[in-house]
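Reviewing the structure listed below.
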Amino acid sequence: MNEPLRIMSDLILSPGRERSLRRGHPWLLSGAVAGAPESAEPGAWVRVLSSAGEVLGFGHYSPHSSIRVRLLAFGKEDPGEALLDERLAIAIARRRNHPLLGGSDALRLVNAESDGLPGLVVDRMGDVVVFKFLTAGMHVRAERIARKVEELTGAPHGYRSRDDHSARRESIPPDEGPLWGDPPGEVMIDERGRRYSVDFMHGQKTGFYLDQRDSRDLVEGLSAGRRTLDVFSYTGGFAVAAGRGGAASLVLVDSSESALARAGENLAANAVGCPAELRRGDAFEALRAASAAGEKFDLIILDPPPLARSRRSVQSAARAYKDMLLHGLRCASPSAFVLAFTCSHHVDPDLFQKIVFGAALDAGRGVNWLRTLGPPADHPFSIHHPEGRYLHGCLLEVEPGGESIP
Ligand code: SAH
C-alpha cells in the first residue's frame, strides 16, 4: 500500500461555499469545489482555499466521492501528517479510565468525525482491534494507522474489516485481512459481565453492535421475571442481557441463521437458564403473527437495521418503523417495557417520537416515554458534525390498566 503523496495540492471553493467550513463542518461536497487539483491522487492531503484565496483548512481528497474532501484541520497552518498520530493518541487516551466506559474489554476506540478522524472506525474487541477504512484518505494511510494503533494499545492482533458500501463510493478496493498478529477466527468479549462471541471477520459492522452497550445495561436491570421478546436480535446482545437479569423466558427473532446460531451459543456461554426460543424469519411478519396469535410479552426490544438509507426513503421507512411498533405494542402486556430504536440518521428524534406516538395511538395503548436512549460515550457525535448522530431510541412503559385506552 502506498503512503500518501506529500505533495500538497490546492483545492479552491466556489464563491460563498466556505460557510459550512467556517462552522467547523468537516465535509466539503463536490458542488462547492470550483477548481479541483488535477494531479492529486485519491487520499492526498489537500489544502482548501476560499474563492478569495484564503486558506481554510486541510484534509483528505476523495476524487470519486460526492464528499470531495474530509477536513482534519481548520485554519492556515498545515499540521502535516503528524496530526493523524496525535488524533489517534487522543482518541484512545480519552477512553482510558473514562467514568462512563468501564467494565468492558470491547470499545470503539475511534469514531470517525467525532474523533477528528473522518473515514476511520476502530473497535477494540478483546485481544483484537478491528479497523474500517472508509475513505480514500484513510485507505492509503491504513498501514501507518495500524502501526500506530498497535503501538498505542499493545493489542496482540489487528484486523481490517471490509466495507463494500464505502469501497464503491470511494472507488477503493474492499480489502480485508490481518494487519498484525494472527487474528483468531472469533473472539470472546466481556461487556460488563456479559460474554459474547464475536465473528469480526464475517459478522455485521465490526462483528458486534457496541453502540447498544448502555441500553443492554438497562435491559439487564429491567428484565427480572419478564417474558422477553428480542426482535432483530442479531447475536443475542439484548437477549443475553435480559437472561442475565432474570427474564422469565426469551424469544429471539432474526432473519439471519448464522446470527441466531451465535445467539444460541451466547445464551449458553452466559448460562442463561430460562427457556429461550429462536425464531428465524422476517421480523415484521413474526410480529404480526405473534400479535394475531395473542402472544404477550412484558419486555420487548425492537432494534431494526437502518430502514432509511437515504433521505428519499424516509417516508417508506417511517411506515416500516410504525408497523414494527404497532405490532410490537399489540404484543405488550399491561405495564410492559418496550425499547425501540432507529439507527437511520435520516430519521431525526422528532420524527421518531411522532412515529412512536402514532403507533401507540393506532394500537390503542396508553404509553409513557420514560427515557430517551442513545449510544454510549465511545460513540459520541460532534457538534460540528450532526450527521454523526444516528441512533435514537426510547424506553416506553405501557399503561398498567387494561389493554386499551378510550
Ligand atoms: N439488536 C442487535 C443488533 C440488531 S442489527 C444487537 O444489539 O446486537 C439488525 C438485525 O436485524 C440483524 O441481525 C439482521 O440480520 C436483522 N434483520 C434485518 N432485516 C430483518 C428482517 N426483515 N427480519 C428479521 N431480521 C432482520
Side-chain angles (χ1 to χ4, degrees), residues 209 212 214-234 236-255 260 263 267 272 274-305 307 320-343 352-353 355-373 391-405:
Y209 287 85
Q212 291 287 28
D214 287 355
S215 295
R216 283 189 286 270
D217 289 349
L218 183 62
V219 161
E220 190 163 338
L222 290 174
S223 63
R226 291 184 183 255
R227 295 165 292 176
T228 301
L229 175 63
D230 180 4
V231 187
F232 305 99
S233 66
Y234 188 47
F238 283 109
V240 164
R244 278 175 46 94
S249 59
L250 295 167
V251 173
L252 287 70
V253 180
D254 203 283
S255 54
L260 280 180
L267 291 170
V272 168
C274 69
E277 188 190 330
L278 309 178
R279 291 184 191 169
R280 183 180 172 211
D282 177 67
F284 297 93
E285 281 172 25
L287 280 169
R288 223 169 277 128
S291 73
E295 283 190 76
K296 292 290 174 227
F297 298 91
D298 319 300
L299 172 59
I300 299 175
I301 299 115
L302 304 165
D303 183 25
L307 300 177
Y321 284 117
K322 184 169 170 191
D323 192 54
M324 165 189 95
L325 274 149
L326 173 64
H327 293 285
L329 286 167
R330 284 187 175 152
C331 297
S333 64
S335 299
F337 291 127
V338 178
L339 286 85
F341 298 93
T342 163
C343 57
F352 183 58
Q353 183 180 320
I355 296 169
V356 171
F357 287 0
L361 273 178
D362 284 6
R365 307 302 301 271
V367 157
N368 282 325
W369 184 294
L370 300 191
R371 250 190 223 183
T372 298
L373 307 175
L391 178 63
H392 318 295
C394 57
L395 168 63
L396 306 173
E397 186 169 31
V398 178
E399 273 194 349
E403 296 289 308
S404 60
I405 52 170

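Along the sequence shown, residues are numbered consecutively beginning with 1. The basis for the numbers below is simple: all heavy atoms, side chains too, and nothing from hydrogens, waters or symmetry mates.
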Exercise. Are side-chain heavy atoms of Leu391 and Phe341 found at a separation under 4.5 Å?
Worked result: yes

Query raised in the report: Within a strict 4.5 Å, meaning less than it, do heavy atoms of the Asp303 and Gln212 side chains meet?
Result: yes

Between Leu287 and the options Leu302, Val253, Leu325, the side chain to side chain contact (heavy atoms under 4.5 Å, CB included) test singles out Leu302

Quiz prompt | Side-chain heavy atoms of Ser249 within contact of Phe297, under 4.5 Å | solution = no

Check the pair Arg365 / Glu397 against salt bridge (charged side-chain N to carboxylate O under 4.0 Å, His left out), numbers first and verdict last.
CA-CA 10 Å; Arg365 307 302 301 271; Glu397 186 169 31; over 6 Å; no

Notebook entry, point to check: With side chains defined as the heavy atoms from C-beta onward, is the minimum distance between Phe238 and Ser233 less than 4.5 Å?
Noted result: no

- Phe357 vs Trp369 side-chain heavy atoms within contact, under 4.5 Å: yes

- Query: Can you tell me if Lys296 uses its side chain to pair, donor with acceptor, with the backbone of Ser291 under 3.5 Å?
  - Reply: no

Exercise. Are any non-hydrogen side-chain atoms of Val356 and Leu396 less than 4.5 angstrom apart?
Worked result: yes

Quiz item: Just by distance, do the side chain of Asn368 and the backbone of Leu370 share a donor-acceptor pair under 3.5 Å?
Solution: no

Applying salt bridge (charged side-chain N to carboxylate O under 4.0 Å, His left out) to Arg216 and not counting sequence neighbours gives Glu191

Are any of the side-chain heavy atoms of Leu395 and Phe337 separated by less than 4.5 Å? yes

message = In the structure I gave you, are the side-chain heavy atoms of Leu373 and Ser215 within less than 4.5 Å of one another anywhere?
response = yes

Here the salt bridge (charged side-chain N to carboxylate O under 4.0 Å, His left out) pairs for residues 221-230, sequence neighbours left out, are Arg227-Asp298

Open item on the list: Has Arg280 got a side-chain atom pairing as donor or acceptor with Ser255's backbone, closer than 3.5 angstrom?
Closed with: yes

